[in-house]
Number of protein chains: 2
Amino acid sequence: MTEPAHFWYADDPSVAEILEAVRRFRRADEDMRRRISAGMRMNVTDMSALQYVIAVEQRGGHAHPGDIAGHLGISTASTTKLLDRLSASGHLTRTTHPTDRRSVVVAATPHAHTELRERLGRMHEAMAAIARAVPPQARGDVSAFLDAMSDHLDSERGVAPLTSA
Amino acid sequence: MTEPAHFWYADDPSVAEILEAVRRFRRADEDMRRRISAGMRMNVTDMSALQYVIAVEQRGGHAHPGDIAGHLGISTASTTKLLDRLSASGHLTRTTHPTDRRSVVVAATPHAHTELRERLGRMHEAMAAIARAVPPQARGDVSAFLDAMSDHLDSERGVAPLTSA
DNA sequence: GCTAGTAGGTAGCCAGGCTAGTATCCAGGC
DNA sequence: GCCTGGATACTAGCCTGGCTACCTACTAGC
């Protein structure tokens, strides 16, 4: 009863295989996030926020509550609570912006950096290894496929044009 | 501030591209689910459940509350409430199993079938078209890559072995 | 130096999870 | 035939983590 659905518009078995692989990947990713978050005693959103802050810092930038809200798709009010939780747990710190005192700069603590690296570093390496295992001549096709999928999902509003006709 | 992070373990640009494409795809998928669910005035979990029930039916099977709970990774108690919501909204019906009267059979209403087809049919077709656009000789590599990723994510516990050493 | 706009926080509400406990039912041992 | 154990779903009540609405502090433009 947990077997995959085969109701794709798949004429060709190789196409059906790809679509099924996509479906499986989405589930695996979701489950992994749940497990990792649970392992760090936090919810999935908080985990995402933490990753985001660290990613911004890795690029030499500063994360602000408003950015985090936008990135996560939640309100700034909810983000305030989120930051309260992550501050209380010692993963993030809030400091006021040096010049604009309306603004707040969110920074990950060394502890958060360490913990995330310990838990995700190995996984990222493994993912890179899997990417390297793709034959060089097919790599462009793989990225192009994923990019095309992303473009499509981004453009999808979820309503068939028929409905409003 | 919403630019991608480039802290992958990427020696090779083509590898980095793949990993970045994966990251982007995950976000696009998540956002799409939120939009579609919101468009149908339901939460993401309920939407998933509905898709699951319909998928099971497409394969000629019957969905049971317990299966749904397992598929979604939530308790059977929460599933009861979920089924209450989806019954109230006219998307699902509950009937007792003909022979085993402990069991409940969940079925999607024609309305749910129609609505989902309207909203997702076009998207699935477009996804199939994107898969067909992958050069035939690279299709195996694409599915293999995604499968390997899924395998890895499924196996990942999120704790580095160093931690316990 | 007002006033409009912006960033973030506070208060209070509600949806949607959870655990614990309950009712019903099937299957197996006697 | 009739208990008993395990399966299946539901109910009651709690808690987390969202939301809206409103408020404060601050900057910038005139």
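Every chain is numbered from 1 and lettered A, B, ... according to where its sequence line falls, protein lines coming before strand lines.
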Provide, to the nearest angstrom, the distance between the NE2 atom belonging to A:His97 and the P atom belonging to C:dT6.
17 Å
Not counting sequence neighbours, which residues clear ring pair (Phe, Tyr, Trp, His ring centres under 6.0 Å) with A:His97? List them please.
none
Mind checking side chain to side chain donor-acceptor pair (under 3.5 Å) for A:Ser78 and listing every partner two or more places apart, or none if nothing turns up?
A:Ser75
For B:His113, the ring pair (Phe, Tyr, Trp, His ring centres under 6.0 Å) test, sequence neighbours excluded, returns none
Pairing residues for A:His152 by the side-chain contact (heavy atoms from CB on, under 4.5 Å) criterion, not counting sequence neighbours
A:Ser155, A:Glu156, B:Met123, B:Ala126, B:Met127, B:Ile130
B:Arg41 has an atom CZ; how far is it from atom C1' of C:dA15, in whole Å?
16 Å
Do we see a donor-acceptor contact under 3.5 Å between the side chains of B:Glu115 and B:His91?
yes
Which base sits across from C:dC14 as a Watson-Crick or G-U pair, both distances under 3.5 Å?
D:dG17
Residues forming a side chain to side chain donor-acceptor pair (under 3.5 Å) with B:Arg27, sequence neighbours excluded:
A:His71
Expected output is a numbered-order residue list: members of residues 79-92 of chain A with a heavy atom under 4.0 Å from any atom of DNA chain C. What is it?
A:Thr80, A:Lys81
Can a side chain N or O of A:Ser78 be found less than 4.0 Å away from OP1 or OP2 on D:dG17?
no
Looking only at side-chain atoms of A:Ser103, point me to the closest of D:dG18, C:dG8, D:dC10.
C:dG8
At under 4.0 Å, does any side-chain N or O of B:Ser75 touch on OP1 or OP2 of C:dT19?
no
Against the side chain of A:Ile74, the closest entry in C:dG8, C:dG17, D:dG18 is D:dG18
Sort me out a list of protein N/O and nucleotides 21-23 of chain D N/O pairs below 3.5 Å, or just none if empty.
none

Without decimals, in angstroms, what is the distance between A:Met47 CE and D:dG17 C1'?
18 Å
Measure from CZ on B:Arg94 to C1' on D:dT11 and round the result to the nearest Å.
12 Å
Would you mind reading off the distance between A:Asn43 atom CG and C:dG16 atom P, rounded to a whole angstrom?
17 Å
Suppose we screen for side-chain contact (heavy atoms from CB on, under 4.5 Å). Which residues come up paired with A:Thr96, at least two apart in sequence or across chains?
none
Partners meeting side-chain contact (heavy atoms from CB on, under 4.5 Å) with A:Thr76 (sequence neighbours left out)
A:Ala69
Atom pairs under 3.5 Å: protein N/O with N/O of nucleotides 24-28 of chain C:
from	atom 1	to	atom 2	distance (Å)
C:dC26	OP1	B:Thr99	O	3.1
C:dC26	OP1	B:Arg101	N	3.1

For B:Ala28, what residues pass the side-chain contact (heavy atoms from CB on, under 4.5 Å) criterion, not counting sequence neighbours?
A:Ser150, A:Leu153, A:Asp154
Partner set under side chain to side chain donor-acceptor pair (under 3.5 Å) for A:Arg34, not counting sequence neighbours:
A:Asp31
Expressed as a whole number of angstroms, how long is the span from B:Met42:CE to C:dG16:P?
11 Å
Quick check: does any side chain N or O of B:Thr109 sit under 3.5 Å from a backbone N or O of B:Gly90, one acting as donor and the other as acceptor?
yes
